Chemist: 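Questions regarding the structure given below will be posed in turn.
Values below: every heavy atom of this structure, side chains too, minus hydrogens, waters and symmetry copies. Since the structure is predicted, the reported quantities are computational estimates derived from the model, not experimental observations.
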Amino acid sequence: MKKIYAVISSVSMVLMPYFVHAQLTMPQSSYGMSTKTLGQSIEAVINFLLGVVGVLALLAIVVSGIIYITSGGESSKTDAAKGWLTYGIVGLVVALLGYMIVKTVGMTFGVR
């Protein structure tokens with residue numbers, strides 16, 4: 001139990017600066033209102049969702065590797081690992097294409 005506590009406390013100490021520096025200050029001239037246009041807000045939401053898709057796709061690739069390594073030669077598990085890998089790669093391709101489309105449309109219409 002002491003080892004688990006030591007690991008958790010050391011990891012939290014290492015990650016603490018990332019949480020401390022994650023503060024956002026709003027400019028005083030906006031009076032609490034966002035200075036972004038509608039197009040910039042939509043682009044920000046789409047970029048966030050594409051980031052989530054990318055992280056999930058990478059997670060699927062890692063899970064497929066773990067399943068493949070622990071399959072022990074069982075064909076059902078190796079087929080499942082191949083499926084996870086396929087979905088992970090498709091997810092990454094979708095995320096990258098979506099990012100390119102959002103940036104292209106944003107530049108075309110002058111959002112950024």
Chemist: Applying a strict under-4.5 Å side-chain criterion to I, L, V, M, F, W and Y, I'd like to know whether Ile89 and Leu58 cluster together.
Modeler: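 As far as the 4.5 Å side-chain criterion goes, Leu58 and Ile89 are connected within one cluster.
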Chemist: Please report the shortest heavy-atom distance between Val53 and Gly91, naming the atom on each side.
Modeler: CG1-O, 3.8 Å
Chemist: For residues Tyr87 and Trp84: do they belong to one hydrophobic cluster (side chain heavy atoms under 4.5 Å, members Ile, Leu, Val, Met, Phe, Trp, Tyr)?
Modeler: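 No; tracing contacts between hydrophobic side chains, which count when under 4.5 Å, never links both residues.
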Chemist: Treating Ile, Leu, Val, Met, Phe, Trp and Tyr as nodes and any side-chain heavy-atom pair under 4.5 angstrom as an edge, say whether Leu56 and Val45 lie in one connected cluster.
Modeler: yes
Chemist: Could you grab the distance from atom CD1 of Ile101 to atom OG1 of Thr108, nearest 0.5 Å is fine?
Modeler: 11.5 Å
Chemist: Distance from Ser64 atom OG to Leu59 atom CG, nearest 0.5 Å?
Modeler: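 Ser64 OG to Leu59 CG: 10.0 Å, rounded to 0.5 Å.
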Chemist: Would you check if Leu92 and Ile61 make a side-chain contact, meaning some heavy-atom pair closer than 4.5 Å?
Modeler: yes
Chemist: Kindly give the heavy-atom pair with the smallest separation between Gly88 and Ala60, and that separation in Å.
Modeler: CA-CB, 4.0 Å
Chemist: Output the distance between atom OH (Tyr68) and atom NZ (Lys77), rounded to the nearest 0.5 Å.
Modeler: 13.5 Å
Chemist: Who are the side chain to side chain contact (heavy atoms under 4.5 Å, CB included) partners of Val94, not counting sequence neighbours?
Modeler: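 Expected list: Val90.
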Chemist: Would a single hydrophobic cluster contain both Val55 and Phe48, if residues Ile, Leu, Val, Met, Phe, Trp and Tyr are joined by side-chain heavy-atom contacts under 4.5 Å?
Modeler: no
Chemist: When you group the ILVMFWY residues by side-chain heavy-atom contacts below 4.5 Å and let the links chain together, are Leu50 and Leu97 in the same group?
Modeler: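 No, because Leu97 and Leu50 fall into different hydrophobic clusters, even though each may have its own neighbours under 4.5 Å.
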Chemist: Any chance you could measure Thr104, atom OG1, to Met100, atom CE, to the nearest 0.5 Å?
Modeler: 6.5 Å
Chemist: Is the closest side-chain heavy-atom distance between Asn47 and Lys103 below 4.5 Å?
Modeler: yes
